[in-house]
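Worksheet: one structure, shown below.
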Amino acid sequence: MSIMRRVRDITVATLNERLEKAEDPVKLIDQFLWSTREDILQAERLYEQYTGHTNHLKIQWLQAEQQKEKREQQAMTALKAGEEQLARLALHEKASSEERAAQYRDLYEQSRLNTLGLEEQLREMRSEYQSVYDRREYYAARMESLRLQQRMNARFSGIGEQGAQPGSMFRRLEDNISNMELEAKSLHDLRRMGREFATEAGHSIQSAIEQELEQLKRKLQKEG
């Protein structure tokens, strides 16, 4: 019994220590509950055996007591009949029955105390099991809340990080289109300026040619 109690204490202490470091306390508690349930089943079988054994010892003790009383009555009957030798034999058997009754009584008392102790430990183990089970339900609810919170964070964290709110999304789209329009307008202006430059250059060259032509005409007139 003392060994069973020590093993149970070590198990509970180990659970408390490991719970502080466990990533999944529900899984650890389930392992403990399974182990505790097995211990309870073994203790229940042992209790049944102890109970049966205690009842058997009690029967042996009471039978020895009855045998002792019976032999005493037989000795008295023999004495009344003047049969001292038969009385002596009956008293001898009475002494044997009395010794046997005392032995079975001691065994019965020890077994009865052990049975009561085991019954008390069974109550403690069942209470411990229920207490840990209730905490298991609480931790399971907390773990489920945490799991749902993590899923929600994973679902919406990407949106927040990328700034994909409707307003900001359309603002970025407006900026992109404006930039594209500005680039297109700048390119158009450059091309127009290029054409105007080419036209102006052509006019300048034509004017220079006309001026030179006039100069040549005046030179010919002088020579003529």
Side-chain angles (χ1 to χ4, degrees), residues 1-22 24-80 83-143:
M1 300 297 295
S2 61
I3 295 177
M4 178 179 293
R5 184 70 262 170
R6 186 171 68 252
V7 169
R8 295 300 308 153
D9 290 341
I10 292 173
T11 303
V12 174
T14 302
L15 173 67
N16 292 332
E17 179 182 351
R18 293 176 63 188
L19 274 176
E20 298 178 358
K21 306 175 182 178
D24 188 350
V26 176
K27 183 176 180 180
L28 182 60
I29 292 175
D30 284 342
Q31 294 175 353
F32 173 81
L33 289 175
W34 181 86
S35 175
T36 302
R37 182 58 183 165
E38 289 297 312
D39 291 338
I40 291 175
L41 291 176
Q42 293 180 12
E44 287 175 343
R45 287 192 290 267
L46 182 60
Y47 177 77
E48 292 177 358
Q49 294 172 358
Y50 251 113
T51 301
H53 180 62
T54 301
N55 292 335
H56 174 73
L57 292 175
K58 184 177 182 179
I59 292 173
Q60 293 294 323
W61 167 41
L62 295 177
Q63 286 179 347
E65 289 285 350
Q66 292 175 356
Q67 191 71 13
K68 181 187 73 171
E69 293 175 0
K70 180 179 179 180
R71 295 308 180 194
E72 183 176 352
Q73 291 294 328
Q74 287 176 345
M76 291 179 63
T77 301
L79 282 176
K80 289 179 181 180
E83 300 288 344
E84 292 187 2
Q85 185 62 29
L86 291 178
R88 289 188 181 92
L89 289 175
L91 290 175
H92 183 271
E93 292 181 0
K94 174 195 172 183
S96 297
S97 297
E98 187 174 11
E99 180 181 5
R100 188 167 63 255
Q103 292 173 340
Y104 276 110
R105 183 181 65 247
D106 291 342
L107 289 175
Y108 164 74
E109 288 297 333
Q110 182 62 46
S111 182
R112 185 179 66 85
L113 291 176
N114 288 341
T115 303
L116 292 175
L118 180 56
E119 185 177 359
E120 177 63 23
Q121 287 196 15
L122 266 171
R123 282 195 294 267
E124 292 178 3
M125 291 168 68
R126 288 166 179 158
S127 176
E128 178 184 272
Y129 180 91
Q130 186 62 46
S131 175
V132 174
Y133 179 82
D134 292 341
R135 290 180 65 84
R136 186 262 183 205
E137 294 299 289
Y138 167 70
Y139 280 117
R142 285 184 63 183
M143 290 297 292

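The figures here come from the full heavy-atom set of this structure, side chains too, leaving out hydrogens, waters and symmetry mates.
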Side chains of residues 59-67: which donor-acceptor partners sit under 3.5 Å, not counting sequence neighbours?
from, atom 1, to, atom 2, distance (Å)
Trp61, NE1, Glu65, OE2, 3.3
Glu65, OE1, Lys68, NZ, 3.2

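His53 pairs by the side-chain contact (heavy atoms from CB on, under 4.5 Å) definition with Leu57, Ser111, not counting sequence neighbours. For Tyr104, the ring pair (Phe, Tyr, Trp, His ring centres under 6.0 Å) criterion is met by no residue, not counting sequence neighbours. With sequence neighbours left out, Ala140 forms a side-chain contact (heavy atoms from CB on, under 4.5 Å) with Val26, Arg136. Under the rule for a side chain to side chain donor-acceptor pair (under 3.5 Å), Asp106 has no partner lying at least two apart in sequence or in another chain. A search for side-chain contact (heavy atoms from CB on, under 4.5 Å) contacts involving Thr51 returns Tyr47, Asn55, Thr115, not counting sequence neighbours. With sequence neighbours excluded, no residue forms a salt bridge (Lys or Arg N to Asp or Glu O under 4.0 Å) with Arg45. For Glu44, the side chain to side chain donor-acceptor pair (under 3.5 Å) partners are Arg126, not counting sequence neighbours. When the side chain to side chain donor-acceptor pair (under 3.5 Å) test is applied to Glu48, no partner is found at least two apart in sequence or on another chain. The side chain to side chain donor-acceptor pair (under 3.5 Å) search around Arg37 returns none, not counting sequence neighbours. Applying the side-chain contact (heavy atoms from CB on, under 4.5 Å) test to Arg112 and every residue at least two apart in sequence or in another chain returns Thr54, Tyr108, Glu109, Leu116.
In this structure, NZ in Lys27 is found 10.0 Å from CG in Asp30, a value given to the nearest 0.5 Å. How far CD of Glu128 is from CD1 of Ile40: 8.0 Å, rounded to the nearest 0.5 Å. With rounding to the nearest 0.5 angstrom, the CG atom of Leu33 is 12.0 Å from the CD atom of Glu38.
Here the shortest heavy-atom pairing between Met125 and Thr36 reads O-CG2, 4.4 Å. The two residues Ala43 and Leu118 come nearest to each other via the heavy atoms O-CD2, 3.9 Å.
Looking at Ser131, its side chain never comes within 3.5 Å of a backbone N or O of Ser127 through a donor-acceptor pair.
Heavy atoms from other residues, nucleotides or ligands lying under 6.0 Å from OH of Tyr133 number 12 at most.
Screening residues 90-101 for salt bridge (charged side-chain N to carboxylate O under 4.0 Å, His left out), with sequence neighbours left out, gives Arg71-Glu93, Glu72-Lys94.
Between Leu28 and Phe32 there is no side-chain heavy-atom pair separated by less than 4.5 Å.
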